[in-house]
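Working notes for the structure below.
Naming convention: chains lettered A, B, ... in sequence-line order (proteins, then strands); numbering from 1 in each chain. FYI, side chains are in, hydrogens and waters are out, and symmetry mates aren't considered; it's all heavy atoms of this structure. Note that the structure is predicted; figures quoted are calculated from it, not measured.
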There are 2 protein chains.
Amino acid sequence: MPINNTIIFIVELLLKNVAKHVQLNKEEEQILLDSFVLTRHPARTKLLKSGEVCINSFFVVSGILRNYCLDDNQANEHTINFATTDWWIADMYSFLSQKPGNSYIEVVEDAIIMTQSREQQLAIFERIPKMERFFRILMERSLIANQQRLIDNMALSAEERYKRFCQRFPTIKYNVPQKQIASYLGVTPEFFSKMKKKLLMEK
Amino acid sequence: MPINNTIIFIVELLLKNVAKHVQLNKEEEQILLDSFVLTRHPARTKLLKSGEVCINSFFVVSGILRNYCLDDNQANEHTINFATTDWWIADMYSFLSQKPGNSYIEVVEDAIIMTQSREQQLAIFERIPKMERFFRILMERSLIANQQRLIDNMALSAEERYKRFCQRFPTIKYNVPQKQIASYLGVTPEFFSKMKKKLLMEK
DNA sequence: GCGAGTGCTTAATGTAGGTTAAGAAAAATA
DNA sequence: TATTTTTCTTAACCTACATTAAGCACTCGC
């Protein structure tokens, strides 16, 4: 794909994502686009490390990002979320408070992303109040999804959670290491391996 | 406390809660207040049942409310959240989508609450755009708290989660049935009882 | 192409927390 | 106050998942 077409595709992806919830005019669209920076990163790049302030939030154009943290003794990873094409991701606590966080954001699969700093975001809220609405709705939806995941973790077995995961992230299933899926579901890689085998044999 | 003073207290509680994040002028404050209805309910009142649309969100003046759902076989309750004085509560999915939800909101301890319908809320967003910001911030904070709880559920033992619960809800601990605390922590009442005894003996 | 790390699987053993059941205590209702 | 209902506790037994440890299969940097 020629570079110009690629850039048109990226711009459209972001604008359509916003247009799902609020209508912007051409001028507003341009102001919004100017507040983002387009970057590419190979797999394994760490975009954020524990202890740092999460200055930026990321809109994923292609590839896969992952937000995770370590438990108290630094022994186990817990995946907070994955993000693929057309998703937003950040360390919410650190990004919103602009204080040091305790999570990591890493590139799982080579990624093209649109980056917006908290400073730029707040400036956009002032210049385009409709974007305040957009992020309110984004927060509302994240909260609902997160609440549902919490309930699933309490009410469902690991097997059922895995089935829901496959529905929610149909593509991710084949593109991230199994141990990362396990750490999203809240089980060990060993148990996940056993569970997967059992599911295969049942078919 | 004479009725007039009581009402002044209630109005101040709500306005101060809003003032934590946005500054309203007198006129805006009045418009906001007019969008709420003040009601009282005895313990055990169900303000919302599974299958209903969550028309209203609630700001708790006094007492305790609880949002919970049942699992697939209707056998176990899972507490999504408690709300005491100065907290907001609703079935987020149903309130935001205005579609039937699958959770309950019940009064755990006799309560005085300020009720605002989704319709009124959306009207307020139009009349007082600053309130859009207020609810964005409220959603952001709920999301952060919910994400932390999810991580705690994956990373911590039931005992550690109980300790955090006691820190987060210092008053609730003594005012709601233990089985409801257990259902918030994600353990059975029987195990919770055993765990509490163990904690007492350790001291 | 080679070596070092990383990820996946399997299996034996361990444990946090669930289930069932029954009685005692407390609280709601009459 | 009496009666019913709900809540709390205890104890025996059960299970989903964790831990440890080992071997094999990758993939990535050199």
Produce the list of close N/O pairs, under 3.5 Å, pairing protein atoms with atoms of nucleotides 4-12 of chain C; give distances to one decimal.
residue, atom, partner, partner atom, Å
C:dG7, OP2, A:K179, NZ, 2.8
C:dC8, OP1, A:Q178, N, 2.8
C:dC8, OP2, A:K179, N, 3.2
C:dT9, OP2, A:Q178, OE1, 2.8
C:dT9, OP2, A:S193, OG, 3.1
C:dT9, O5', A:S193, OG, 3.3

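With rounding to whole Å, B:N76 atom CG is found 11 Å from C:dT19 atom C1'. Computed from coordinates, the A:M195 CE to D:dA18 P distance equals 10 Å when rounded to whole Å. The distance from atom CD of B:E159 to atom P of C:dA16 is 9 Å, rounded to the nearest whole Å. Going from atom CE of A:M154 over to atom C1' of C:dG18 covers 16 Å, rounded to whole Å. One can place CD of B:E109 at 11 Å from P of C:dA28, the figure rounded to the nearest angstrom. Rounded to an integer number of Å, the gap from B:K198 NZ to D:dT9 P is 16 Å.
In this structure A:E12 satisfies the salt bridge (Lys or Arg N to Asp or Glu O under 4.0 Å) test with no other residue, sequence neighbours excluded.
Heavy-atom minimum distance, A:A90 versus A:N67: O-OD1, 3.6 Å.
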query: Yes or no on salt bridge (charged side-chain N to carboxylate O under 4.0 Å, His left out) for A:E190 and A:K194, after CA distance, side-chain angles and deciding distance?
result: CA-CA 6 Å; A:E190 293 85 352; A:K194 186 160 66 173; over 6 Å; no
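Remark: B:R164 is not positioned above the aromatic ring of B:F169, lacking an NZ or CZ atom under 6.0 angstrom from the ring centre and at most 45 degrees off the axis.
Among residues at least two apart or in separate chains, ring pair (Phe, Tyr, Trp, His ring centres under 6.0 Å) pairs with a member in residues 39-60 of chain A are A:F59-A:W88. Listed by first and then second residue, the salt bridge (charged side-chain N to carboxylate O under 4.0 Å, His left out) pairs that reach into residues 75-91 of chain A are A:K20-A:D86, A:R66-A:E77, sequence neighbours excluded.
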Counting only pairs under 3.5 Å, give me each side-chain donor-acceptor contact of residues 46-56 of chain B, with atom names and distances, residues two or more places apart or in other chains.
residue, atom, partner, partner atom, Å
B:K46, NZ, B:Y68, OH, 3.4
B:K46, NZ, B:E106, OE1, 3.4
B:E52, OE1, B:K49, N, 3.0

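Listed nucleotides C:dG17, D:dC17, D:dA18 differ in distance to A:T188; the shortest reach to its side chain belongs to D:dA18.
Of the residues in residues 160-168 of chain B, not one comes within less than 4.0 Å of DNA chain D through any heavy atom.
B:V108 has its side chain out of reach of B:N175: every pair of non-hydrogen atoms, C-beta onward, lies at least 4.5 Å apart.
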